[in-house]
Amino acid sequence: MSKMIEIDFRPDEATLRQFGFIAVAGFGFLATIAWLEWLIFAFGLGPARPIVAGTFVGLGVLSLGFSLVYPKANRPIYVGLAVAAFPIGFVLSYVIMGVLFFGLFAPVGLFFRLTGRDAMHRSFEPEAESYFVPARAARERESYFKQF
């Protein structure tokens with residue numbers, strides 16, 4: 001079986017530099033919501049609030065500094081976050097695909113089957129001489145340049 005998703009354990013410098021700049025915004029956002037105790041921190045951090053927010057600020061500043069000076073130093077943070085996010089993304093992708101299939105495609109397909117709709121004309125017709133469908137008539141050349 002081939003791999004669906006691969007974690008890049010050895011990213012190049014450009015990727016690590018880009019990650020560092022993006023991480024500043026991400027860790028800054030996490031520090032802000034930790035300090036204000038919003039969203040995932042709404043349960044209240046209590047006396048740990050400055051420590052948690054400071055850790056996120058420190059990680060953001062550290063990744064920014066690494067991006068500006070030596071991008072390869074961002075590798076442990078990058079790989080650590082990639083390894084932590086991999087199982088979440090793997091599970092959520094299957095959950096989202098399952099919800100789309102069983103919540104959207106299966107009911108529409110069942111409805112079409114119950115109403116007898118066959119948009120592809122796949123039904124067997126014993127009296128038909130051929131299943132050939134003639135092509136549409138050729139259009140004028142100018143119509144190809146007016147798509148909408």
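Numbers here are sequence positions counted from 1.
The local environment of CZ in Arg139 is crowded, with over 12 non-hydrogen atoms from other residues, nucleotides or ligands closer than 6.0 Å. Surrounding CZ of Phe102 are at most 12 heavy atoms belonging to other residues, nucleotides or ligands under 6.0 Å away. Within 6.0 Å of atom CD in Glu127, more than 12 heavy atoms from other residues, nucleotides or ligands are found, so the atom counts as buried in its surroundings.
Rounded to the nearest 0.5 angstrom, Lys146 NZ and Glu140 CD are separated by 9.0 Å. Here the straight-line distance linking atom CG of Leu59 with atom CG of Leu62 works out to 6.5 Å at 0.5 Å rounding. To the nearest 0.5 angstrom, Gln18 atom CD is 13.5 Å from Glu13 atom CD. To the nearest 0.5 Å, atoms OG1 (Thr32) and CD (Glu37) are separated by 13.0 Å. Atoms OG and CD1, on Ser93 and Ile88 in that order, are 12.0 Å from each other to the nearest 0.5 Å. To the nearest 0.5 angstrom, Leu36 atom CG is 11.0 Å from Leu45 atom CG.
For the pair Ala31 and Ala53, the tightest heavy-atom approach, listed with the atom from each and the gap, is CB-O, 3.6 Å. Summarising the geometry of Val52 relative to Ala34, their closest heavy-atom pair is CG1-CB, 3.9 Å, with the distance given to 0.1 Å. Minimum heavy-atom separation, Gly20 to Ser63: O-OG, 3.6 Å. Taking every heavy atom of both residues into account, Asn74 and Leu16 meet most closely at ND2-O, 3.3 Å. Taking each heavy atom of Ser130 and Phe132 in turn, the nearest pair found is OG-N, 3.1 Å. Shortest non-hydrogen contact noted between Pro11 and Asp8 is CA-OD2, 3.3 Å.
Leu30 and Phe21 fall into different hydrophobic clusters, defined by Ile, Leu, Val, Met, Phe, Trp and Tyr side-chain heavy atoms under 4.5 Å apart, directly or through other members. Under the 4.5 Å side-chain heavy-atom criterion for Ile, Leu, Val, Met, Phe, Trp and Tyr, Ile40 and Trp35 are members of the same hydrophobic cluster. In the hydrophobic clustering of ILVMFWY residues, with side-chain heavy atoms under 4.5 Å counting as a link, Phe56 and Trp38 come out together. Leu81 and Val83 fall within a single hydrophobic cluster, where Ile, Leu, Val, Met, Phe, Trp and Tyr are joined by side-chain heavy atoms under 4.5 Å apart, directly or via other members. When the side chains of ILVMFWY residues are joined at heavy-atom separations under 4.5 Å, either directly or via intervening members, Leu39 and Phe43 end up in a single hydrophobic cluster.
Taking the six-membered ring where the residue is Trp, Phe90 and Phe86 present parallel rings, their angle staying beneath 30° rather than reaching 60°. Relative orientation of the Phe19 and Tyr78 rings is perpendicular, given thresholds of 30° and 60° on the angle between their planes.
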Side chain to side chain contact (heavy atoms under 4.5 Å, CB included) assessment of Phe27 paired with Val57
CA-CA 6 Å; Phe27 286 130; Val57 168; over 6 Å; no

Please report the C-alpha distance between Val61 and Leu64 in whole Å, then the side-chain angles of each, then the deciding distance to 0.1 Å, and finally whether the side chain to side chain contact (heavy atoms under 4.5 Å, CB included) criterion is met.
CA-CA 5 Å; Val61 169; Leu64 176 63; 5.7 Å; no

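Inter-residue side-chain proximity for Tyr131 and Glu125 is flagged as met; some heavy-atom pair is nearer than 4.5 Å.
Side-chain N or O atoms of Arg75 include one that pairs as donor or acceptor with a backbone N or O of Phe9 at under 3.5 Å.
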